[in-house]
Amino acid sequence: MLNKLILVINCGSSSLKFSIINILEKKILLFGLAENFNKKYSCITWNFNNIKKKKIFYSKIDHKIILNFIINVLLKENLLYNNIIAVGHRIVHGGEKFINSVVITKKVLKAIKNASIFAPLHNPIQLIGIQEIIKILPHLEGKQVAVFDTAFHQTIPEKAYLYALPIKFYKKYKIRRYGAHGTSYRYVIKIASKILNVSLNTLNCISCHLGNGSSITAIKNGKSVDTSMGLTPLEGLVMGTRCGDIDPAIIFYMFNILNLKINEIYKILTEKSGMLGLTNITSDFRYIENNYFKDLKIKKATDVFIHRLSKYIASYSILMEKKIDAIIFTGGIGENSVLIREKTIEKLKILNIFVDKKLNNEIKFGKTGFINTINSIPILVIPTNEELMIAQDTFNIITNK
Ligand code: AMP
């Protein structure tokens with residue numbers, strides 16, 4: 001059945017992910033990725049009916065060109081165009097304004113623009129995406145929805161979102177913890193609540209979204225009560241190329257003593273740190289997993305990742321107060337890295353969390369399931385599906401569900 005399709009758009013700083021979702025069947029019909037914008041050559045790859053296709057652009061492209069290609073070429077060629085009923089946009093930062101997904105209006109556009117100071121690489125590009133879609137698909141006015149990465153974390157209490165800075169930095173400038181990956185957390189807890197047969201509004205879990213960007217969230221009674229990412233997605237866990245938690249004084253040392261420029265320091269912390277920085281080789285956990293026992297550099301770097309992750313899980317366990325229904329692993333690493341899951345869980349015995357090595361080895365590559373021993377708190381691996389969550393929100397909002 002093709003008559004209810006949602007287009008989901010995720011504009012990154014130099015890339016664009018898209019999917020077409022049949023909302024009634026909860027099925028992704030077409031998905032793709034365009035990358036390397038503003039470089040000499042760029043390419044777009046897409047998958048329709050399990051057939052992979054690719055087009056190379058031999059001139060510089062941008063988000064507008066790609067959106068036009070997706071809608072006027074791909075959707076028309078594949079006879080999907082007339083069935084698009086709405087568009088859902090992933091928006092990285094909603095500031096304090098958005099606690100839910102919303103229909104995009106002029107006011108919403110302004111608020112997304114205002115939140116750009118906290119996500120300068122993403123929000124402005126995502127605004128361009130929305131405005132271009134308004135131009136290409138004017139008949140879908142009022143049917144475009146913004147879904148914010150930060151919205152899920154707006155339930156975090158003040159004691160967890162305030163930094164211990166002079167209070168005016170929060171009151172006047174709204175500097176606080178906002179978190180990220182909210183759409184992924186909402187998706188996985190919905191699945192977890194079904195698997196565990198615990199209603200969403202009583203579900204207590206600690207959810208680890210481990211991918212190129214990694215974060216962890218304490219979820220009590222179905223609501224986020226603390227999360228590791230902060231004002232921006234730089235804080236918290238060790239990531240692919242981002243440093244996560246560091247002593248802020250390191251920045252003054254780099255600036256004052258090492259004479260690095262502020263934009264160089266930003267680049268080091270965001271693009272050259274994390275697993276890439278520690279290994280000096282790669283941020284790819286497939287390589288890391290294959291070489292953990294062979295290369296001491298890789299082992300040492302991975303041990304830093306595991307140490308930080310297990311420390312966060314342990315500290316978030318005290319926020320659950322009564323019971324932990326599950327520890328959840330998701331994201332490219334959480335879904336697939338048997339090694340990271342095993343080594344992290346092995347550090348949590350004191351919390352009554354034990355891994356079953358056989359199950360852990362089996363649950364990967366898109367499988368959902370438990371990886372704990374019988375006497376342990378449940379540990380679930382759940383492949384995330386942010387696109388489906390965005391499409392569901394979009395459909396629910398435009399049909400007033
Ligand atoms: P994401 O950002 O969620 O797409 O996750 C990307 C990360 O997942 C990268 O570090 C990948 O190396 C890692 N990843 C993907 N597949 C595997 C796998 N089979 N084993 C280990 N890590 C993986």
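Order of listing sets the numbers, starting from 1, for every ligand and every atom in it.
- Atom 7 (C) of ligand 1 has its closest protein heavy atom at I333 CG1, 3.8 Å.
- In terms of N/O distances under 3.5 Å, ligand 1 is not approached by G331.
- Atom CD1 of I350 sits in a sparse spot, with 12 or fewer heavy atoms from other residues, nucleotides or ligands closer than 6.0 Å.
- Within ligand 1, the atoms closer than 4.0 Å to a non-hydrogen atom of F365 are 19 (N), numbered from 1 in the order shown.
- Closest protein heavy atom to atom 21 (C) of ligand 1: E289 OE1, 3.6 Å.
- When hydrogens are left out, the protein atom nearest atom 12 (O) of ligand 1 is D284 OD1, 2.4 Å; that is the closest non-hydrogen contact.
- Look at K174 and E96 and you find a salt bridge, because one of the NZ, NE, NH1 or NH2 atoms lies within 4.0 Å of a carboxylate O, short of that distance.
- The nearest protein heavy atom to atom 2 (O) of ligand 1 is closer than 4.0 Å.
- If you check which protein heavy atom lies closest to atom 22 (N) of ligand 1, you get F285 CB, 3.5 Å.
- With rounding to the nearest 0.5 angstrom, the OG atom of S14 is 7.5 Å from the CZ atom of F37.
- In this pair, F69 and F57 present their aromatic rings perpendicular. The plane angle is above 60°, beyond the 30 to 60° band.
- Of the protein's non-hydrogen atoms, N212 OD1, 3.7 Å is the one closest to atom 9 (C) of ligand 1.
- The protein heavy-atom contact nearest to atom 14 (N) of ligand 1 is G332 O, 3.6 Å.
- Not one N or O of H209 is nearer than 3.5 Å to an N or O of ligand 1, by distance alone.
- Atom CG of N197 sits in a sparse spot, with 12 or fewer heavy atoms from other residues, nucleotides or ligands closer than 6.0 Å.
- No side-chain donor-acceptor contact under 3.5 Å links T150 and H93.
- By the 30° and 60° cut-offs, the orientation of the rings of Y316 relative to Y312 is perpendicular.
- The aromatic rings of F98 and F148 sit parallel, their planes meeting at an angle under 30°, below the 60° perpendicular limit.
- The contact set between ligand 1 and G211, taken as ligand atoms under 4.0 Å from a residue heavy atom, comprises 1 (P), 2 (O), 3 (O), 5 (O).
- Taking a cut-off of under 4.0 Å to the non-hydrogen atoms of S283, the atoms of ligand 1 that pass are 10 (O).
- The shortest contact between atom 16 (N) of ligand 1 and any protein heavy atom is with N336 ND2, 3.5 Å.
- F152 has its side chain out of reach of T183: every pair of non-hydrogen atoms, C-beta onward, lies at least 4.5 Å apart.
- Between S337 and ligand 1, a contact under 3.5 Å exists for no N or O pair.
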